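Below is one structure, written out as structure tokens; the observations come after it.
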Amino acid sequence: MSGHETSKYVPTNPVAKWFEDRLPIMGFAKSTLIDYPTPKNLNYWWTFGAILAFMLVVQIVTGVVLAMHYTPEASLAFDSVEAIKRDVNGGRLIQAVHSTGASMFFFAVYIHIFRGLYFGSYKAPREVLWILGVIIYLLMMATAFFGYVLPWGQMSFWAAAVITNIFAAIPIIGDPILQLLRGGFAVDNPTLNRFFSLHYLLPFIIAAVVALHIWALHVPGNNNPIGVEVKESRDTVPFHPFYTMKDFFAIVVFCIPFAWFAFFAPDILSHADNYIMANPLQTPPHIVPEWYFLPFYAILRAIDFNFIIDSKLLGVIFFGGSILILFFVPWLDTSKVRSGTFRPAFKWFYGLFVVNFLLLMWYGAQEPALKVLGSFTVADTSKLSVVYYFAYFLVVLPLLGRFEKPRPLPNSISESVLKHPAPATI
Amino acid sequence: MATESNLAHSDTPDPGKRDFLYVATAAVGVVGVGGLVWPLINQMNPDASVLALSSIEFDLSKVEPGASVTIKWRGTPVFVRNRTQKEIDEARAVPMDQLKDPETDQARVMKGHDNWLIMIALCTHLGCIPVGESGEFGGWLCPCHGSQYDTSGRIRKGPAPKNLVIPPYKFISDTLVQIG
């Protein structure tokens with residue numbers, strides 16, 4: 001991209017100069033974190049990248065200290081988490097920040113993903129950036145799942161049983177894989193041990209992929225709300241102080257609900273059943289995953305019929321496909337226009353997709369036999385939502401690019417910014 | 001394997017031989033790496049202490065007709081149900097074409113012990129424990145995703161693909177059964 005006028009980092013201190021000649025890390029930091037030319041029209045939806053980076057740090061820091069008190073052994077794990085909440089100095093808060101932090105992390109990542117879907121941030125030349133993002137999201141799901149198992153309550157145990165069982169749907173090698181994952185014929189102590197190990201490992205892998213994600217971001221530069229590439233230096237402002245301050249402000253605002261959850265309602269997003277220690281001989285009467293997995297859980301559950309292959313494998317294929325399809329979005333969307341703002345028909349389909357996603361989230365939490373429309377149950381109507389979920393990617397996005405007439409695009413970021421009247425106060 | 005750079009060496013006496021050496025070296029390398037990685041994966045498989053708990057005996061005399069108990073075998077719950085004659089008759093009256101995973105009731109019990117239904121208590125969908133004597137078919141209902149089984153433990157409705165699994169077992173006497 002065309003660069004903003006920047007000054008090169010030239011250390012005046014002889015020690016700093018000596019060091020910079022050998023490892024030019026300060027110059028690198030200056031060009032990527034301070035001078036980095038950023039489109040000047042980014043709105044608050046763009047602050048969620050920084051919020052996510054902040055959340056990753058929060059989760060790693062709280063997680064490392066929790067691991068100092070946690071015992072990954074089936075007969076002790078449950079009590080050790082209770083001891084963290086009751087006995088460890090400040091443990092109640094650290095544990096609450098970590099567990100509600102997972103929810104806040106997923107809330108932020110959903111905003112970030114849906115922002116990308118609306119503003120076409122996945123389109124060329126940002127396909128690799130997008131794919132790295134989907135990989136991070138998959139790693140986050142795995143990490144959250146492993147973490148959810150560690151308190152070894154009833155919900156933890158049965159989440160582990162159900163999710164590992166998904167792999168048993170694979171023909172022929174399914175059962176050996178299941179035993180390999182669990183380390184036994186059922187979920188037990190070996191399962192807990194390895195999940196703890198992986199829960200500790202994956203965040204660092206996420207951090208590494210985040211580095212690649214940011215690297216891939218810095219090659220073409222940020223997308224922006226109008227989706228028109230930066231053309232000249234006056235389309236951009238330096239990252240610092242403009243976006244460091246904006247991101248910092250957004251993080252502070254984000255911390256308000258986060259703090260409310262952590263201080264006042266640490267268990268509100270969790271399930272009472274998880275306060276019962278894991279019992280392999282009894283499944284809780286109504287098991288549901290954490291809210292952030294509900295849409296995918298609803299998709300898994302909606303497939304309750306055989307079609308060529310049996311319902312279990314079919315459900316798992318849809319479940320996996322609903323996430324893996326994100327990898328192909330850059331090529332499924334045929335529209336040359338990035339931003340949804342200039343796509344009159346896309347806006348409606350996108351809006352329906354968001355509503356449909358929230359609906360799937362709601363379906364995921366309900367009993368399949370619950371009647372929602374006349375005699376139609378959740379099991380029936382959720383199938384409709386599954387159809388639209390996939391149709392959005394496989395039908396709407398490919399066809400809309402051919403038939404939709406987009407509104408005229410501004411010539412540049414500066415032109416679009418200057419069209420709006422200046423704010424009253426400067 | 002033939003890359004541009006090694007094709008460019010037209011003075012190489014026999015390029016085919018060189019390609020063969022590349023492929024052979026890579027193949028040996030893959031086998032070596034595979035051999036090193038396998039123990040690191042295999043350590044995750046069930047260990048000796050888990051495998052040692054392979055068979056158990058259970059005394060059936062405590063289970064009244066119409067009652068069922070859940071026992072633990074290899075860390076997995078197992079249903080032992082003493083079925084009533086009504087339940088057996090119901091199961092045997094079902095036509096095969098109504099079944100998702102067709103299997104006669106006779107094939108799911110031991111001859112002469114038709115009242116004893118012994119099954120792994122895990123829903124064949126995703127492994128939750130179904131709740132007994134519930135659902136539309138008077139058998140089992142899985143709380144997780146709503147799969148329903150009949151009085152023979154056969155899948156009738158919902159996402160589960162198969163009937164509840166019968167573990168290997170044998171009757172040592174009329175009241176003693178060995179599972180595993």
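The model shown is predicted, which means the values in this text are computed figures rather than measured ones. Naming convention: chains lettered A, B, ... in sequence-line order (proteins, then strands); numbering from 1 in each chain.
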| remark: Counting heavy-atom pairs under 4.5 Å with chain A, the top scorer among B:Pro130, B:Gly146, B:Gly158 is B:Gly158

| request: Let me know if A:Ile303 has heavy atoms under 4.5 Å from chain B in its side chain, its backbone, both or neither. | output: backbone

| Any chance CZ of A:Phe307 has more than 12 other-residue heavy atoms, nucleotides or ligands included, within less than 6.0 Å? | no

| said: Using 0.5 Å steps for rounding, measure from the CD1 atom of B:Ile120 to the CZ atom of A:Phe185. | reply: 10.5 Å

| said: Going by disulfide bond (SG atoms under 2.5 Å apart), name the residues that satisfy it together with B:Cys144, two or more places apart in sequence or in a different chain. | reply: B:Cys128

| field | Main-chain N/O of B:Ala160 paired with A:Lys312 side-chain donor or acceptor, under 3.5 Å | value | no

| Got a second to check how far B:Gln43's CD is from A:Leu180's CG, nearest 0.5 Å? | 8.5 Å

| Could you give the distance from CD1 (A:Ile177) to CG (B:Asn45), rounded to the nearest 0.5 Å? | 10.5 Å

| query | By a 4.5 Å heavy-atom criterion (distance strictly below it), what part of A:Pro280 contacts chain B: side chain, backbone, both, or neither? | reply | both

| Any A:Asp188 side-chain heavy atom under 4.5 Å of B:Val50 side chain | no

| request: Identify which part of B:Thr124 has an atom lying under 4.5 Å from any heavy atom of chain A, answering side chain, backbone, both or neither. | output: backbone

| field | Interchain contact, B:Ile41 with chain A, by part (heavy-atom threshold 4.5 Å) | value | both

| request: Look at atom CG of B:Leu40 and say whether more than 12 heavy atoms of other residues, nucleotides or ligands are closer to it than 6.0 Å. | output: yes

| said: Under a 4.5 Å cutoff for heavy-atom pairs, which residue among B:Ala121, B:Gly75, B:Pro46 has the most contacts with chain A? | reply: B:Pro46

| request: Answer yes or no: does atom CZ of A:Phe357 have more than 12 heavy-atom neighbours from other residues, nucleotides or ligands under 6.0 Å? | output: yes

| task | Please determine, among A:Pro285, A:Ala379, A:Pro176, the option with the most heavy-atom pairs under 4.5 Å with chain B. | result | A:Pro285

| remark: When rounded to the nearest 0.5 Å, the distance separating CG of A:Asn189 from OG of B:Ser49 is 9.0 Å

| remark: Rounded to the nearest 0.5 Å, the CG atom of B:Leu126 sits from the CG atom of A:Asn165 at a distance of 5.5 Å

| With a cut-off of 6.0 Å (strictly less than), are more than 12 heavy atoms of other residues, nucleotides or ligands near NZ of B:Lys162? | no

| query | Which one, B:Asp101, B:Thr76, B:Leu141, B:Leu122, leads in non-hydrogen pairs under 4.5 Å with chain A? | reply | B:Thr76

| field | Which of A:Ala186, A:Ala302, A:Gly183, A:Pro284 touches chain B most, by non-hydrogen pairs under 4.5 Å | value | A:Gly183

| query | Which pairs with one or both residues in residues 371-380 of chain A pass side-chain hydrogen bond (donor to acceptor under 3.5 Å, both in side chains), sequence neighbours excluded? | reply | A:Thr377-A:Asp380

| said: Are there over 12 heavy-atom neighbours, none belonging to A:Lys383, within less than 6.0 Å of that residue's NZ? | reply: yes

| task | Pick whichever of A:Thr283, A:Leu181, A:Val288 has the most heavy-atom pairs under 4.5 Å with chain B. | result | A:Thr283

